[in-house]
Amino acid sequence: MGANHAHGTAVSRSRASRRTVVAALAVLVPLAIITLAALVWLWPEGTTAGPAPESGVERLTGTVTSVTLKRCPAAPEGAPKPDPATCGKAVVKLTEGRDSGRDVELRLPGGPGAQRFAPGDDVILLRDADGAYQLSDHDRSMPLWLFGIAFALAVIAFGRWRGVTALAGLAVTFVLLLTFVIPGILEGRPPMLVAIVGSAAIMLTVLYLTHGFSPSTSVAVLGTLASLTLTGLLSYAALGLASLNGVTDDSALTLGMSLSIDTQGLLLAGIIIGSLGVLDDVTVTQAVTVAELARANPSYGFARLYRAAGRIGRAHIASVINTIILAYAGASLPLLLLFSIGAQPLGQVLTTPVIAQEIVRGVVGTLGLIAAVPITTALAALAAVRDRDRDHPGHDPHDEGGFWEDEERDAPRRDRGDRDPAGREPGDFFTPREAGPPHRTAPQRAARHRRRAGA
């Protein structure tokens, strides 16, 4: 009888899970169709919004064979002193191009921030239309390949098959960014629309590829979509309220003037794409947390699941907010130092376009993250309770073992000093089997008596 009961429970749970999957598909399939149609409609045609300037400069590689230093010239008064390691000449052996194998003597780059070169360094050279060479930078191809291989091996060693799917999801993200989002914006498509469609495509592909097709993943996708939509609306309203047009540096100014790109839309696109990665982290964590809580505590209803997972979500958000602020501060550290040197009042610094833009970006992204926790937790708890109710019709949470958290229900036990059947104190976790015989309805008791009478 126990085996049949376990088999029936597994079948009913499987049916409940299938019903949850069907309900999720009813929402996700139309979303996927709309995303695919928009992806095809907005896909770049291969033409940019403006002709690319032809510089006539060829980029080549070489290896430094020797370096000869000399005394640096005197710096003008008030100018920074040159680095002695950047004054002199270097002999470079060309490793590609029509002069491959030839040694050329070149002047070392000077000035603030100039690179230091030593014999044996792989370097980048620039050759102009007149055939003159210039030492430009270090060749970092090999170190970057080594870093990438080490990263992939570490992810696979720790995550195993899940690590492989995570790397595949990362590859999909880069492909969509490099073949759809960036070319689409350069061709003059609306940046915000391109970012929304690209983010939806990345979200639908990467989450299912990385975490598999499951109710928890579907809940995470829905929570991410809802939070991303809210982030986009808040970003649009905040940029309009703060009168920010996205032009805060030379790059944005050049794009706006030469390619006629909507810089404010470009800023909105950056906020949406930047928020997607952190939103994925929060929504997946909340969906999986609720599923694990529901599996470990079958007696938990919607309210208990929501409260328990909400406490975890609040702790997660608190650490994520600190991470976001530190990331922005680290990226803007040179700019912050420049403002500090200028000794400008704090109010003037905060209202400058470049700082105000980062403040708006951080605040809007944080609001989207905060909204992701209750949205995803509520969806996941609702899905878990629906599965449980279908699995056990007429289920009463107080009839099953679990955590004694209801103070009014537990008070008489504590007053009488009662213990549960397994000998544990109130508040201890015990399984339904330890709690005593299972509760049977009247029809179940009658059928049991008939089976005994027939025996």
Side-chain angles (χ1 to χ4, degrees), residues 5-29 31 207-208 211-227 230 279-280 282-317 370-410 427-436 438-441 444:
H5 175 73
H7 179 71
T9 301
V11 171
S12 61
R13 286 180 180 175
S14 176
R15 290 176 179 173
S17 297
R18 282 199 294 269
R19 292 190 187 101
T20 302
V21 170
V22 169
L25 287 177
V27 178
L28 294 174
V29 169
L31 172 63
L207 284 183
Y208 283 115
H211 303 284
F213 190 85
S214 65
S216 295
T217 306
S218 300
V219 167
V221 169
L222 294 175
T224 303
L225 176 65
S227 304
L230 178 61
L279 282 175
D280 287 352
V282 173
T283 55
V284 170
T285 299
Q286 288 305 113
V288 173
T289 297
V290 172
E292 292 299 325
L293 286 172
R295 186 177 296 111
N297 304 277
S299 63
Y300 274 21
F302 176 85
R304 286 185 174 182
L305 285 175
Y306 184 87
R307 288 197 301 268
R311 288 192 292 269
I312 299 174
R314 285 193 294 271
H316 191 190
I317 286 296
I370 293 174
V373 171
I375 292 174
T376 308
T377 304
L379 290 174
L382 181 61
V385 171
R386 285 171 62 88
D387 278 356
R388 197 270 316 283
D389 290 343
R390 289 186 178 119
D391 197 6
H392 303 285
H395 168 80
D396 183 2
H398 297 298
D399 289 338
E400 297 186 7
F403 288 104
W404 296 348
E405 291 189 353
D406 193 326
E407 296 297 334
E408 295 180 359
R409 180 165 56 92
D410 293 341
D428 292 339
F429 177 82
F430 60 93
T431 63
R433 184 181 299 275
E434 294 171 344
H439 174 75
R440 293 184 175 88
T441 61
Q444 289 174 335

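Computation of the quantities below employed the complete heavy-atom set of this structure, encompassing side-chain atoms and omitting hydrogens, waters and symmetry-equivalent molecules.
In this view, A220 and T283, V284, A287 satisfy the side chain to side chain contact (heavy atoms under 4.5 Å, CB included) rule, not counting sequence neighbours. Under the side chain to side chain contact (heavy atoms under 4.5 Å, CB included) criterion, L230 pairs with L234, A371, not counting sequence neighbours. Residues passing the salt bridge (Lys or Arg N to Asp or Glu O under 4.0 Å) test with R295 are E292, sequence neighbours excluded. Every side chain to side chain contact (heavy atoms under 4.5 Å, CB included) that T289 has, sequence neighbours left out, goes to T285, L293, A309, I312. Residues satisfying the side-chain hydrogen bond (donor to acceptor under 3.5 Å, both in side chains) test with S227, not counting sequence neighbours, are none. Partners of L379 under the side chain to side chain contact (heavy atoms under 4.5 Å, CB included) rule, at least two apart in sequence or in another chain, are V219, L222, I375.
The closest side-chain heavy-atom distance from V373 to Q286 is below 4.5 Å.
A distance of 6.5 Å separates OG1 in T217 from OH in Y208, rounded to the nearest 0.5 Å.
Listed here is the closest heavy atom pair of L279 and A372: CD2-CB, 3.8 Å. Scanning all heavy atoms of the two residues, the minimum distance from G301 to V385 falls at C-CG2, 3.8 Å.
The one candidate from I317, T376, I370 that meets the side-chain contact (heavy atoms from CB on, under 4.5 Å) condition with V282 is I317.
In this structure, T377 contributes its side chain and Y306 its backbone to no donor-acceptor pair below 3.5 Å.
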